[in-house]
Amino acid sequence: MYKFLALRRADKPEGTPKEAATFEEFASKIQNARNSVKADKKDGPGFCAPMADNYRKEANVLPRNWIALDIDGGKQQKRDEAGKVSIPKGAKSLGINPETLEALKVVLRPFLCFIYPTHSDTPTARKYRAVLALDKDLGPKDWQICTHNFCLWLMEKIPELADQPDKLITAAIDGASYTPAQLMYTVPKEKAASLELFHGAPISTAQFIEASCKTKKQSSLSKDSKVPAPEAKDAVSEFRPVDPILEALKERGLIRQDMGGGKYAIVCPSGEHEDGGLTSTSYFAPGAQCDDGKRYRYGSIQCMHDTCRSKGRKTGDFLNLLGLNYAAYCRELDRREANPNRFYAATGEYSTVNGVVYLAVYKVSAGKVKKGPAEALFPEIEIIGQAREADGQGWGRLITFKDNDGRRHEALILDSDLTGKGDNVREALTSAGLPLYSTGRNIARYLCDYIYSRPIVDREHPDLMPQKVIITRRAGWLANAFITPQSVIGETAERIFYAPAGNAKANYDRAGSLDKWRDSVGYLARYSSPLTLAICTALAAPLLSKVDWVEQKSGGFHFYSTSTVGKTSIAEAGAGVYGKPSADGGRVISWSGTANAVEYVAAAHNDSLLCLDELKTAKPYEVSDIIYRLANSVGKARLDKEINLRAPVTWRALWISTGELTVSQYVEQAGYTAQAGTDIRSIPIDVGMGVRVNPTDRDTLGIFEEVPPGFKKISEAFNLLSAGTRENFGVLGFKWLEYLTANAKAVKAQAELFARRFDEKAPKEIGAQQSRELNRFKLCAVAGEIATKAALTGWQEGQATAAVIRLMERYFEGLITGTKEARRLIERLQEAAQQTDKFGLYGTNERAEYGYRNFNLYGFSTYAEGDDGQEDLAEHQTTPVNPELKQKRIMFFDIAFRKLIGNYSVKSACEELILRGLLVQNDKYPNGKMRLKAKVSTQSISGRFVTLDYEKLINYEEKS
């Protein structure tokens, strides 16, 4: 347990006792502390040793198990004429240079500690505070002795921290660090992210306190004294390579005599010959070469006996006889001894000094290989780990470097790019800010060779295997974790690196609080079904892969209205669930720029909500294609630069869009044909609720069913909705994703429960297409209910279901029987039939665009029933129509009929018309089955047409 006293200000000694169960928690409390006093220039509360009565003063200091050191740099001294040295009044600490700072981190790394920049730290004068754990609680006196001696040891390890008399500079560690009651400020707000935590071992206090010393003066160490280095309990002991060949020979008793110089006379491992003398014909010689010139790291075994020579046995064969996996051992040794600061590659020897990478190129001269002078190339590039996609393809290196401004970047470099000329790697890294100190023609190749060959080691945990990283090209679920551009929500076995397809990223910014969102947006949604549905659609998107009763994994809702009722407010509220609800870098995307990048945009919003605003900005002929591509959940197949087929981008997403018309109406108004499934994939929801406070009111309540309690005018509710959406965004989605990752099993059970409750209230008799649409409504209701159960929305149980069913019933009204495509088929044929001027009078020369009619435009019949049952249109009669005897019929040309039926085949369209009694049939096949096309004839023309009963068609309505 780590105890400390938290104080609001230095001049206020009363504090609050705090404690942390782990050192990591202690670091987090110091890192995340914030000062509400704006005038405090230190930008944070302070902390000190635990105090009796929670009052800071020297006499009240209680035992503690941590120390805090201010490493601010020394102060410049002055020497007067008499030779006396002093610190000028008002002199400030000079700070430490970057090299000293890096050396400090290396020395502190074996300890359990954290360091952070202090308030006065600047890029030119680095000032840091180090907080280290002790292995036990110490009272004030022992604590002071231990702290002082540890500082002396630290100065011995890093001479730049000690006094520098030649430069008249004092020690870099502030003497106040030894004061038991000293107050230390927490991490400055703008530097909190710079805190670094090292998972080593606590300081061994016994090493820094001499039991026989009773006073600070007695226990203080001289500058030349040798304090033992810390021995971390979990630290890895120094790795001393053992010669595996020599050990194997010893274990088997095969060594005859040490011949000196590392050479041993041995009994041949084959066991097939033995001369019995001290001088054997078999030798083990470290560093010696085999006959084939191969040099083994620890040497070779040679046998001069004819038995072995005749069989051509070399070192590798003898090692096999000894049961050694020599190659595996050397690989492990290479890993343990890997030194990223000095290594060899094909181009030469790379070395890193003070953060700068140098290369000494190998050159061949007069048959000898010589190493050239070291040339500075670029700043150090660290290799975080090997990366590959989840399916084991696309291997690369995850690297990190600092740009010209000192900001750290992470980048993924594919191995395939490192093995070419490397110009694309050079261009990508220099564009990201990596400076080059050499611009020769080979610099791209040197850069790639360095990245590919540099050992991948964990400097903080050298005993661990090199880190492996999974690359994902899309956001959303990866196993049980949710990937966003900013973070990974949930636990993963390996680190995740998000490299978005097409470099498209969805916005997951956060602002405000969940409570404020509930009090504004969440509250208003109780009185607006469209607003509730938009929020529930956003919540439903991460559930697409969690339930198995949603057939179409990607789909959406299109909110439309011809008047200004709040469509944009709905889009912004839905977008605000996960991120910034705006078009300037936020989650609201314009229809106009979606066509070319639709698959990359969809992958960026995988398992999330996509918001498309203002349908009128889209090109009408592209809209249906965009919707179908989004709903198909897979992008186009593409070739890579090597002309190999790449795996297409995939996604699961829900979307909401807005417009003044439905998608089909917008497309057809422009003269194009909307595909029959467009409205199924993007369900049109009329958000013009048409509700008025009073029947005489001119304006409606827009998207609201009533004026929410607490408001006099509906405009006040809209103002709160706008402010609540724009000030509190991203928090609900983040909490929702945290809940889903932490309660995966419970969520699945909850989904089944709320789905059953939804089914009890949903319409029972619907077609297959409506069933697919119903499940999308159901998923949204289920998501809203689960989020409500998790105390995220502030709604009452059942609210989400009621709102969704209210809109679903409006949408399904008149569509309960038949399919949606059938209804659209009838609507198109009705619309065409009413354009009678496009049907020529059968048997005349009238213009015929769609086909023929058997009646003139004034209601007179032009045919009579023939005796053979066929329709004879030869005689042009002018007798008024007798409704009891005559029927009006229209006959379609094949080309026109095919155009009007959309995705239907002629056969399936006719079958739908037969079901509704609209198709006229008067001819049979030889087998007696009725033909779909009616046979009609005149004296000059005979043929078959798809023929409809005009009166029935015009007056037909789907039954509910």
Side-chain angles (χ1 to χ4, degrees), residues 506-514 516-541 556-561 563-594 601 604-605 608-618 653-660 682 685-689 701-704 708 711 714-736 780 783-784 787 792-795 803 807:
N507 183 283
Y508 281 89
D509 290 346
R510 286 180 302 209
S513 70
L514 184 58
K516 292 181 179 179
W517 181 91
R518 281 191 289 245
D519 292 341
S520 55
V521 182
Y523 172 72
L524 295 173
R526 301 180 191 180
Y527 308 97
S528 171
S529 297
L531 186 57
T532 299
L533 177 59
I535 295 169
C536 289
T537 305
L539 296 172
F557 296 96
H558 177 72
F559 296 101
Y560 74 97
S561 177
S563 59
T564 304
V565 297
K567 296 185 295 295
T568 300
S569 297
I570 292 174
E572 290 180 347
V577 171
Y578 291 109
K580 185 179 179 182
S582 65
D584 55 338
R587 290 185 73 93
V588 179
I589 301 170
S590 172
W591 266 99
S592 61
T594 306
V601 172
H605 292 79
S608 186
L609 181 72
L610 175 61
C611 297
L612 300 170
D613 196 27
E614 291 298 344
L615 177 62
K616 66 183 179 182
T617 64
L654 293 181
W655 66 81
I656 58 176
S657 66
T658 63
E660 295 180 356
S682 193
I685 302 293
D686 186 353
V687 294
M689 304 305 288
L701 300 182
I703 60 174
F704 291 95
F711 298 95
I714 197 63
S715 59
E716 296 175 352
F718 274 106
N719 290 338
L720 177 62
L721 177 59
S722 177
T725 300
R726 299 184 184 218
E727 294 173 7
N728 306 280
F729 54 82
V731 286
L732 173 60
F734 183 78
K735 294 291 185 183
W736 174 237
C780 295
L792 297 177
T793 63
W795 301 338
L807 292 178

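Hydrogens, waters and symmetry mates play no part in the numbers below; they use all other heavy atoms, side chains included.
- When every heavy atom of T793 is checked against every heavy atom of R518, the shortest pair comes out as O-CG, 3.5 Å.
- Nearest approach of A571 to T658, heavy atoms of both residues: CB-CG2, 3.9 Å.
- Residues L701 and Y527 fail the side-chain proximity criterion, which asks for heavy atoms closer than 4.5 Å.
- Between the T617 side chain and the E614 main chain, a donor and an acceptor come within less than 3.5 Å of each other.
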Exercise for the section: Kindly determine whether I685 and V687 satisfy side-chain contact (heavy atoms from CB on, under 4.5 Å), including the steps that lead there. Expected result: CA-CA 6 Å; I685 302 293; V687 294; 4.2 Å; yes

Problem - Evaluation steps, side-chain contact (heavy atoms from CB on, under 4.5 Å), between L720 and F711 - result: CA-CA 10 Å; L720 177 62; F711 298 95; 3.5 Å; yes

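- Using bins of under 30°, 30° to 60° and over 60° for the plane-to-plane angle, the ring pair Y560/H558 lands in the parallel bin.
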Which atom pairs, one a donor and one an acceptor, fall under 3.5 Å between side chains of residues 572-580 and the rest of the protein, sequence neighbours left out?
residue: E572; atom: OE1; partner: R726; partner atom: NH2; Å: 3.2
residue: E572; atom: OE2; partner: R726; partner atom: NH2; Å: 2.8
residue: Y578; atom: OH; partner: A538; partner atom: O; Å: 2.7

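- Side-chain contact between P708 and I714 is present, with heavy atoms from C-beta onward closer than 4.5 Å.
- For the atom pair F557 CZ and I656 CD1, the distance stands at 10.0 Å (nearest 0.5 Å).
- At least one side-chain heavy atom of W655 sits under 4.5 Å from a side-chain heavy atom of S682.
- Residues S513 and N728 come closest through the heavy atom pair N-OD1, 3.2 Å.
- The structure places CD of E660 at 8.5 Å from OG of S561, a figure rounded to the nearest 0.5 Å.
- Considering OG of S520 and CG of N719, their distance stands at 12.5 Å, rounded to 0.5 Å.
- Relative to the ring axis of Y508, R587 places its NZ or CZ within 45° and under 6.0 Å from the centre.
- A donor-acceptor pair shorter than 3.5 Å cannot be found between the side chains of D613 and S590.
- The shortest side-chain heavy-atom distance between T532 and W795 falls under the 4.5 Å cut-off.
- Here the closest non-hydrogen pair linking A541 and L654 is N-CD1, 3.8 Å.
- Taking every heavy atom of both residues into account, I570 and A534 meet most closely at CG2-CB, 3.4 Å.
- Side-chain contact between T537 and L609: present, with at least one pair of heavy atoms (C-beta onward) separated by less than 4.5 Å.
- Within the 4.5 Å cutoff, the side chain of F559 has no heavy atoms near those of the S657 side chain.
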Exercise for the section: List the steps and the verdict of side-chain contact (heavy atoms from CB on, under 4.5 Å) for S569 and F718. Expected result: CA-CA 8 Å; S569 297; F718 274 106; 4.2 Å; yes

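- Closest of all the heavy-atom pairs between C536 and A783 is O-CB, 4.0 Å.
- Side chains of L792 and L732 form a contact here, defined as non-hydrogen atoms less than 4.5 Å apart.
- Between the side chain of W736 and the backbone N or O of L539 there is at least one donor-acceptor pair closer than 3.5 Å.
- Looking only at side-chain heavy atoms (C-beta outward), T725 and L524 stay at 4.5 Å or farther from each other.
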